[in-house]
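Reviewing the structure listed below.
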There are 2 protein chains.
Amino acid sequence: MSAGRRTAPQVRASGASTPESAPLPGTGGAAGGAAIPEATVARLPVYLRALTALADAGTTTCSSEELAAAAGVNSAKLRKDLSYLGSYGTRGVGYDVEYLRYQIAREIGVTQDWPVVIVGIGNLGHALANYSGFRSRGFRVVALLDAAEARQGEQVAGLPIRGFDDLEAVVAEHGVAIGVVATPADAAQQVCDRLVAAGVTSILNFAPTVLAVPAGVDVRKVDLSIELQILAFHEQRKAQQALGQIVDGAAAGPAEVEVEAVPVPDAGKAVIA
Amino acid sequence: MSAGRRTAPQVRASGASTPESAPLPGTGGAAGGAAIPEATVARLPVYLRALTALADAGTTTCSSEELAAAAGVNSAKLRKDLSYLGSYGTRGVGYDVEYLRYQIAREIGVTQDWPVVIVGIGNLGHALANYSGFRSRGFRVVALLDAAEARQGEQVAGLPIRGFDDLEAVVAEHGVAIGVVATPADAAQQVCDRLVAAGVTSILNFAPTVLAVPAGVDVRKVDLSIELQILAFHEQRKAQQALGQIVDGAAAGPAEVEVEAVPVPDAGKAVIA
DNA sequence: ATGTGTGAAGGGGTTCACAGCG
DNA sequence: CGCTGTGAACCCCTTCACACAT
């Protein structure tokens with residue numbers, strides 16, 4: 001079992017946010033495994049964390065139902081996701097926590113540490129450099145780079161801040177494949193280009209800009225304002241809906257609208273918009 | 001135009017990360033507009049930012065092609081997305097930058113400011129409090145809360161740090177609907193529960209935990225480690241593929257494999273995994 | 001008897017390609 | 001003629017429901 005799957009030999013190297021990249025013509029799935037769906041890839045880290053939490057709590061075995069609950073998904077999705085990796089469970093029993101944890105870590109590629117460079121040591125870069133979750137989750141910050149002359153040599157989280165001039169050397173020395181961009185928006189593209197030229201092929205972008213990168217380079221974007229705006233959109237909808245319900249109630253009479261499950265948010269705070 | 005669409009009268013109040021929420025039985029699309037797809041909602045803020053950039057650059061009109069390029073999507077997707085909002089373009093011409101910008105801002109709900117509370121003023125909370133992009137993008141930080149007694153009263157970004165005890169008062173006073181959780185993982189659920197109890201119905205979670213919330217509350221998660229792990233997965237694939245190519249080349253002879261578009265990453269850094 | 005692994009059905013989202021308006 | 005707006009095809013993902021292994 002677990003061998004005969006590889007439905008489509010398609011590869012799709014960049015699944016993240018490189019939408020306009022070339023379609024990758026030939027390149028059949030020669031090496032590696034069976035093309036895990038991008039949506040599944042995005043959830044594997046969540047499962048990994050849930051498994052680590054279970055292991056820390058002393059749990060040695062769990063069902064798909066339990067793990068799914070811990071990861072915040074439904075069990076069918078979890079089982080389908082895991083099925084892309086292989087048959088790591090035991091029917092009628094469940095999954096061995098430690099074994100599954102290792103398998104997922106191996107699949108993601110975090111059984112060893114990835115060296116990472118952080119560029120832009122402002123408030124955010126500072127926070128990232130100090131984030132202790134890195135080490136335990138497969139990453140090691142090997143250098144901090146910043147443009148400001150004044151800050152060169154300053155120690156942050158046990159590392160000295162170095163200038164952009166050192167970028168190429170750092171990437172080469174440590175074999176850095178992943179770069180974190182935490183610069184202001186107007187410097188981001190420039191920094192990105194330089195990282196890519198130095199050999200970095202994955203970038204995590206915190207700057208509020210769209211980064212253009214050549215095919216073969218993955219970019220993922222983390223944008224605070226965008227996340228808040230998405231929440232604001234839904235929040236506005238809720239407020240409108242609550243208002244509509246009131247209007248409906250008044251106009252169409254007491255029609256017993258079957259609202260349930262949508263607790264009209266405390267009217268006292270729908271003051272905005 | 002723009003009126004006769006509402007294909008499905010379904011509402012789907014929480015599109016973000018509340019996967020296990022009840023299916024919302026009745027509740028026809030009485031109030032508000034025509035149910036914009038979640039994927040589109042997630043891109044509207046990107047368009048908004050691109051339009052703002054264009055406006056700042058003095059551009060008054062743009063085609064779907066230009067705007068799409070600025071937003072990092074393809075033009076078909078952009079046009080489809082905008083079509084859910086209405087017909088705001090002119091055929092044969094394009095879009096009026098300022099007009100479209102306002103329409104999207106209105107749709108998202110950021111024509112007025114949303115009051116926001118940040119809970120957990122560690123390294124990250126500090127950075128978030130100092131982030132200036134808030135004000136300009138529809139949000140206003142009204143309070144900073146932290147558990148540490150020692151830090152009470154300390155000024156961060158012009159605001160005093162207050163204790164958790166003030167949470168309910170702050171939410172009520174400012175009509176806060178959106179809360180940002182930047183606490184350590186083990187405090188996050190507790191803080192979340194308290195925010196929700198106080199009336200907050202949208203939460204942006206930076207803590208590396210899955211938050212459980214009642215139906216009607218939206219949670220969005222920003223998780224650094226997960227983003228990096230997703231990049232690591234693809235990075236590993238690239239390395240495996242590059243390796244496979246080499247093996248193929250050696251075993252199957254010089255078959256002219258048509259690699260292009262996938263620049264084999266500098267071999268010097270494929271040292272991991 | 002229990003819970004995994006998986007075909008099959010169903011729903012969204014993306015892309016295509018062109019009708020239609022300016 | 002140019003570019004928007006949109007039906008339709010296509011593809012991916014989620015969900016269902018159950019066969020099957022233990």
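Letters A, B, ... mirror the listed sequences (proteins, then strands); counts begin at 1. What's counted below: heavy atoms across the whole structure, side chains too, no hydrogens, waters or symmetry copies.
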Taking only heavy atoms on the protein side, list every residue of residues 92-105 of chain A lying under 4.0 Å from any atom of DNA chain C, sorted numerically.
A:Gly92, A:Val93, A:Gly94, A:Tyr95
Along DNA chain D (nearest heavy atom to each residue), the more 5'-positioned of B:Leu82 and A:Arg43
B:Leu82
Checking the side chain of A:Glu65 only, and the main-chain atoms of A:Ser75 only, is there a donor and an acceptor separated by less than 3.5 Å?
no
If I take atom NZ in residue A:Lys77 and atom C1' in nucleotide C:dG11, what distance separates them, rounded to the nearest angstrom?
13 Å
Out of C:dT4, C:dG13, D:dT14, which has the shortest distance to the side chain of A:Tyr84?
D:dT14
Spacing between A:Leu85 atom CG and C:dT6 atom P, to the nearest angstrom:
11 Å
At under 4.0 Å, does any side-chain N or O of A:Ser63 touch on OP1 or OP2 of C:dG3?
no
Any chance you could measure A:Ser64, atom OG, to A:Lys80, atom NZ, to the nearest 0.5 Å?
13.5 Å
Within the structure, does a side-chain N or O atom of B:Arg79 lie under 4.0 Å from either OP1 or OP2 of C:dA17?
no
Please report, rounded to the nearest Å, how far the C1' atom of C:dG5 is from the OH atom of A:Tyr88.
14 Å
Round to the nearest Å and state the distance from A:Leu44 atom CG to D:dC13 atom P.
12 Å
Starting at CG of A:Asn74 and ending at C1' of D:dC16, how long is that distance when rounded to a whole Å?
10 Å
Restricting to non-hydrogen atoms, name the atom on A:Ala177 and the atom on A:Trp114 that form the minimum distance, rounded to 0.1 Å.
CB-CZ3, 4.2 Å
In whole angstroms, the gap separating C1' of D:dT6 from CG of B:Leu78 amounts to 14 Å
Toward the 5' end of DNA chain C, which comes first, B:Pro37 or B:Thr90, by nearest nucleotide?
B:Pro37
To the nearest angstrom, the CG-C1' distance between A:Asp81 and C:dT6 comes to 13 Å
For the side chain of B:Glu227 and the backbone of B:Leu224, is there at least one donor-acceptor N/O pair under 3.5 Å apart?
no
Pairing of A:Glu107 and B:Arg237 as salt bridge, 4.0 angstrom limit
yes
Salt bridge (Lys or Arg N to Asp or Glu O under 4.0 Å) test vs A:Asp223 passes for just one of B:Arg43, B:Arg220, B:Arg49, B:Arg137, namely B:Arg49
For D:dC13, does either OP1 or OP2 sit under 4.0 Å from a side-chain N or O belonging to A:Lys80?
no
Between D:dT14, D:dG5, C:dG5, which one does the side chain of B:Arg91 approach most closely?
D:dG5
Please give, in whole Å, the distance from D:dG5 C1' to B:Glu65 CD?
15 Å
Straight-line distance of B:Leu48 CG to A:Ile226 CD1, nearest 0.5 Å:
9.0 Å
